[in-house]
Every structure is written in structure tokens, then in C-alpha cells.
Number of protein chains: 2
Amino acid sequence: MAGTKRLTQHDIAKLAGVSQATVSLVLNGAPTALARIPQETRERVQQVIRTTGYVADPIARRMAKGLNRILGVFTYEPAFPSEQADFFAPFLLGIEEEAQAQNYDLLLLTGAGVGRERKIFADGNRLRIADGCLVLGREFDRAELKRLVTGDYPFVAIGRREDAGGPVPYVGGDYANGTRALVEKARALGHDRLAFIGPSGSAESIVDRWRGFSGAITGSAELVLHVDEVGRSAVDTLDAIVRSGASAVFFVELADAVRVEAAARERGLSIPNDFSAVVLGSHVRAERSHVQFTSFNIPREEMGRQATAMLVRRIEDAAPVEQILLTCEPVEGQTLGPAKKRT
Amino acid sequence: MAGTKRLTQHDIAKLAGVSQATVSLVLNGAPTALARIPQETRERVQQVIRTTGYVADPIARRMAKGLNRILGVFTYEPAFPSEQADFFAPFLLGIEEEAQAQNYDLLLLTGAGVGRERKIFADGNRLRIADGCLVLGREFDRAELKRLVTGDYPFVAIGRREDAGGPVPYVGGDYANGTRALVEKARALGHDRLAFIGPSGSAESIVDRWRGFSGAITGSAELVLHVDEVGRSAVDTLDAIVRSGASAVFFVELADAVRVEAAARERGLSIPNDFSAVVLGSHVRAERSHVQFTSFNIPREEMGRQATAMLVRRIEDAAPVEQILLTCEPVEGQTLGPAKKRT
DNA sequence: CTTGACTGCTAATGCGTATTAGCAGCTAAT
DNA sequence: ATTAGCTGCTAATACGCATTAGCAGTCAAG
């Protein structure tokens, strides 16, 4: 059984007593061409195809047509390791859904070689198998991004990206406005003394949060604490928060918020009674923590879906560069309450 | 920018002042052929390739060679929805690792059309783009499996599968012996009256557990309760367990074990003091529960890795059908204790 | 009876690569 | 001086399909 050669249109043609071209036309000729093949001939060919179980070789088909109906998915970090899985899975879910709806398959680009940095253009990378690709990851390589932008290979980034030798097509989350809305909510509850825990630079996603935050600090509001370092212990951070007299604390990372909350509870402080806490973004495994932090939702699945749709547009219609930011709706949570009257 | 034609070996050849054939040979000629191209020429060609960023079109390559270095991954359920993600992610991690090590890329086959059942042989047979494929999912379609076995397309199943018109190549977990080992451990601790909570039929994975379980019930041991229904409430199940006088309860599903444990605790019963509990298999998010159940480990990543390696063997060396069952090591846990002396 | 349009097909070509056969030019051995 | 063998390449072809140009035959209109 194994070793049987694949049937070709030639074989079918011989069996049906026609030419290979006719078989191809019967299979998927334009209506105008089909009109010129009489019913009888068509049926004869179809019959042979049915009895032999012939299926056209997709490779040859792509070869002839130039398109694959394959989308590449390039991740700057391996996609499935458990720590990363939580991050990538929702995106991939959206991507898979939309790809399926548009009848595309997905090619996961595994990067080149273990240990080496994952580079889109790394040698031997078979990026070009796909008709276009989605690029995701926390940190992008600027040089590669530039090369993509400058090149003619269709791609879409997931997450906002600064221009890199030209505008980058992307679908991202509107972290700036998501953050701003939370700050305004806090201010409406009387919070004036605000703290920001987390970095404010480097990746776009971080910059956007900081922009939204600092842009919303106006009037009587005041930034009384900004802890930038990551490695700092929760107790130290808590000390700093208490010392600063902050009434609302904004965390970039859920993990930091969780640790600080635990430290606070241990010290007999309660959130949001003693101070409020807000997390700037939703996190996949948030339910693992027992506290529901006030935050904003990151529509990861929708980002995946829309990025995929955009990529297909760029591939099929050579659509111009688009940049989409999806709204990040606030999540109520239990950690933002009215500000205490200062003593 | 968009619309620039892809580079071909022809273009490279013109730029380097050689023929297309030479470019191809430089790229991947046999050593004997390469020996006849002087260093100088090779470097000139390589230089052009480097500066232009040329990458061979894999489709054309496959066309000519019949190999693409692409592995298809077919899942009978969408791979990323959150409930499934926990199930598939570890397999995919292993698959991705090994594929990367073997320098293959992964093609996720999205199945045909939303809502329709996912069928390997659905229209277009896109499957054939890959050199071979891995098939995973809880439930397989027997007819499709048979068609795969009978055909000459290389594939490997993840999880043991019964013969389907011939032996199925697979890498699975040895649930039968994993289960048997746990039963024997319980018996060594004096447990004679055993309960089995969960189905015993349908999918191979279920059958294997039941086989391992019932095969280990010998001598003085006795199956005093078998709850097959899934929908049953935890309280009902707990009642049945208590009534049966079982001293050790084996659960197919972690979820059932968790619910019964909660119900027991509420009733003032404690595990493993009042009765022991064993879960037949490891679960990804087990840490979410606060109880560490005694169970066996399912080496999901390793299964993914070995299945991938096996598939590559079948593709490249036309290796014969292999069937591998990986050992499922016991997990100590805290829910299996010595049997109480019966009153 | 010529022209034109239509019918039912086929030959030929291109897609981009891998691979094989072989050609010219040279050197060393007979 | 002929032959054999080596070097450094290239021309040609195959892979399986889609597609276009066009051929031979028929038929109706002018």
C-alpha cells in the first residue's frame, strides 16, 4: 500500500479519455470555460475522479497559482512553554478562529535552531511558505521590523508598534485610554495622591500605559510615588506606598499587585479601605488570585481575530497599512474604593 | 512596495553571474557536486544571497523534491480555546521543541469551515502540504483513522489507538500500568474495598485505565462501587462512597475528585483519614486545587516530542510502524494513606 | 459559397526548484 | 600526440497543476 504513487491529472485524463487540461478545467475551470465542456464529458471525468479518489496535489496547485492560503505566525518567544502559554494562547485562539473562518491554515514558525535568538530572517527560515505573517511577542527586534516594513512581504503586528522606516500595520490594545479611564475613575472617587508601580519605558505597551497615566494627572492630582525597579521586594514597595501617603496605587504588573496585596494584608492593611489598587491590564490567570483587582480588559482574542482579518486583506486585496487600537474596557473589580479623608 | 516580485534563483544567478543551476547547487548540492564549485564562486553566490535576503520558495522546493520540512498538526478540536488550551498546550510544547530541533516547521490545520466537524479529509486535502502529520484529540474518527492507516501518507497519533485496518503508529501514555501501580500501592497500604468513579469505556485512554484497574483487583480486593455517570452530583457520589464502605476511591477525572473532596470536607470527613482518594492521571492546572491528589504523571511534553521524532523517522527513513507507550510515574500526593481498620 | 461565430476540446507554457547529463578547457599520463 | 581524467560550470528536464492560445469541426447568416 505504501509506495503507491499518487494519482495525477494525467492518469485521470487517460482513464477518462480526455486531456490533462480538460480534467483541470472540470475540476476548477472558470464558468466561461466550463460552459464549453458538455455535461456528458464532465460527468465522465467526475466519475473517474470519484472512483479513483483522486485529489489534486495542493503543492502543485500553489505552485501554479502562487498562493498558499497559509498564514505564518511568528512569535519572538517559543509559543507554548507554560509561562508563555498563558500569554500567547488567547491571541492564538483568535487567530485560529479567524484563519479557519477565512479558510487559511496556520504555519507556526519555530525560529532557527535551539538556543539561538528567534529571528524572522534567520537563515533557513521558511517564512515565505506563508502568504503573509503575523508577528507577536513582547519585545520586537527593531531592525527586523524595519526590514519587514521596507519589504514587500505582507505582515501585521499584534500590539501597537512605533514607525520603523514607515508605519507598521498593527492591531493593538488601547492601553493609553484604558489607563486614562481608570485614573479618571479613581479621581472621581476622590483619589489625589497616586502611585505608579512598574516601568514606564522600553516596549510600546509600557510606554502607552505611562502616557495614559501621566496624561491624566491634572489639577489637584499628584504623582506621589513611582517605583520603577522590578526586583524590589513587596514589603519595600508597600513601605514606600505607605510612606508616600498614596491613596490609589497603579500597577503595571498583576504579579506586583498580588504580592503587595498579600504584604498589606499581613500587616493588617486592607484594600481598598486603606488604599486602592488598580492593575493596568487583564491577565489570563487572574482567577488564580483570590482578589479581583480593578483593571482594564485586554481583548486578546479579538486582537488575534482582527489582526488575522487585516492580514488577509493585505494579502488578497493589497490593502493599505492600517493601524487599529481596540478599546480596553474597564473591569470593575474590588480594589478601587472611595478615597479616605486624609487626616 | 507591495507588488515587487519575489526573488528567484534566476535573479540571484544573474546578479552573481552564474546559472540558476549553480545557485541551487551552492545552496544545497551534494558534497560531490559542491566540490566542483570553487570557493570563490560559492562565496560570490552566498554574498548575493545574503544581501538580497533570498530564501528558496519552499513550495517549489517541495514540488521538485517532494519534501517540505513541514509537519502538519491536526487537532480534532480547535487547539486554543481556553478549556482545550490546557489540554493541548503541553503536547504542542513538546512538538514545537522537537520540530525545531529537527528543523521542521509546524502547520496547524484549522479544519474546514466553522461549525462543521473537523475532518482530516475535508475538501482540498490541505493536509498534503505537510510532509506528514500528527493527529491529536480525545476522540478520533475511526473511518478517518482507517483511511490514514491504509493510505501512504505518514502520520503519527498522540495517544494509544486501536488497530484500524492495520496497526496505528502512536506515542501514548501507559495509563494501564500507571493505574495498576496506584492500585497496588493502595493495596499495600491495606486497602481492600475499592471504588471507581468515572467511565470505563469508549476512548482508548479510558479503556486503558479501566483495564489497569480491574486487572489489579485480585485476591482479597473487591470493587465495592463503580459510578459511571458523569453528571451525578458530588454529594450523591460521596453518599454512595460512604455507603459502599470503600476505603480507597479512584477517580478518572480530577474535577470529580475535587468536588467530592470538597463535599467530604464540608461533612467533616477528611482525606485520607476517612478514605483515600487517587486520581488517574495528572492535570495541567492541578495546582489550582489546594489538595495535592495522589495520581500518576502523564508525560505530555515527552509524548509530543517522541511523536514528532517518530513522524520524522517515518517521513525521512520510511521507518516501519512503531507503537510507544511512555511510563506514567506515580505522583505521591497527600490523599493516599493507610487503610483504616474496619470496625 | 464565403464569413463569422460557436463548440469541444488540446497543446503548450509557466510556476521555482532539484538534479542529471554533458560541454568546453585544461593537465597529466601513455 | 592521443587519451583519460579533472575542473567549472550550464542546458535541459521533471515535478503536477492552471491557464491561455488556438485548432478543427459545425452551423447559421449574408
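Naming convention: chains lettered A, B, ... in sequence-line order (proteins, then strands); numbering from 1 in each chain.
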### Query
Tell me: CD of B:Gln9 to P of C:dC15, nearest whole Å?
14 Å

### D:dC17 OP1/OP2 closer than 4.0 Å to side-chain N/O of A:Tyr54
yes

### Message
Between C1' on D:dC9 and CZ on B:Arg42, what's the gap in Å once rounded to a whole number?
### Response
13 Å

#### Entry: Pair A:Arg147 + A:Glu144: basic N to acidic O under 4.0 Å
no

### Query
Can you tell me if the side-chain N/O atoms of A:Thr22 get under 4.0 Å from OP1 or OP2 in C:dT10?
yes

### Message
Less than 4.0 angstrom between a side-chain N/O of A:Ser19 and OP1 or OP2 of C:dT10, yes or no?
### Response
yes

### Query
Should the heavy atoms of other residues, nucleotides or ligands under 6.0 Å from CD of B:Gln39 be counted, would the total exceed 12?
yes

Protein-nucleotides 6-8 of chain C N/O pairs closer than 3.5 Å?
unit_1 : atom_1 : unit_2  : atom_2 : d
C:dG8  : N7     : A:Arg36 : NE     : 3.3
C:dG8  : N7     : A:Arg36 : NH2    : 2.8
C:dG8  : O6     : A:Arg36 : NH2    : 2.4

### Task
Take B:Arg62 and A:Met63 through the test side-chain contact (heavy atoms from CB on, under 4.5 Å) and record every step on the way to the result.
CA-CA 10 Å; B:Arg62 153 97 194 214; A:Met63 184 77 202; over 6 Å; no

### Query
Between A:Arg305 and A:Glu98, is there a donor-acceptor pair closer than 3.5 Å when you use the side chain of the first and the backbone of the second?
no

### Message
Between A:Gln102 and A:Ala309 (side chain of the first, backbone of the second, donor and acceptor by atom type, cut-off under 3.5 Å), is there such a pair?
### Response
no

### Task
Could you check how far NE2 of A:His10 sits from P of D:dA18, rounded to whole Å?
14 Å

#### Entry: Length of the line joining B:Glu40:CD and D:dC9:C1', which is rounded to integer Å
13 Å

### d(CE, A:Met63; C1', D:dA14) in whole Å
11 Å

### Message
Just N and O in the side chain of B:Gln20: are any of them under 4.0 Å from OP1 or OP2 of D:dA11?
### Response
no

### Message
I'd like to know if A:Arg314 and A:Glu316 make a salt bridge, using a cut-off of under 4.0 Å between side-chain N and carboxylate O.
### Response
no

### Task
Take atom CG of B:Leu34 and atom P of C:dT19, then tell me their distance rounded to the nearest Å.
12 Å

#### Entry: Atom pair distance, as rounded to whole Å: NZ in A:Lys65 and P in C:dT13
23 Å

### Query
Passes side-chain contact (heavy atoms from CB on, under 4.5 Å), B:Leu326 versus B:Gln306? Steps please.
CA-CA 9 Å; B:Leu326 300 179; B:Gln306 294 210 20; 3.5 Å; yes

### Near-strand residues of residues 23-30 of chain A, defined as heavy-atom separation under 4.0 angstrom from DNA chain C
none

#### Entry: Side chain A:Asp317, main chain A:Ala319, donor-acceptor under 3.5 Å
no

### Query
Between B:Ala21 and A:Ala21, which has a closest nucleotide on DNA chain D that is more 5'?
B:Ala21

### Exam field: side chain A:Gln323 to backbone A:Val168, donor-acceptor pair closer than 3.5 Å
yes

### Options D:dG16, C:dA18, D:dC9, nucleotide nearest the side-chain atoms of A:Ala64
D:dG16

### Query
Just by modelled atom types, is the A:Ile70 backbone N or O under 3.5 Å from a matching donor or acceptor in the A:Asp105 side chain?
no

### Query
Any idea which of D:dG16, C:dT10, C:dT17 is nearest the B:Ala60 side chain?
C:dT17

### Query
Given atom CG of A:Asp11 and atom P of D:dG16, what is their separation to the nearest angstrom?
9 Å

### Task
Output the single nucleotide from D:dC17, C:dA18, D:dT10 whose closest atom is nearest the side chain of B:Arg61.
C:dA18

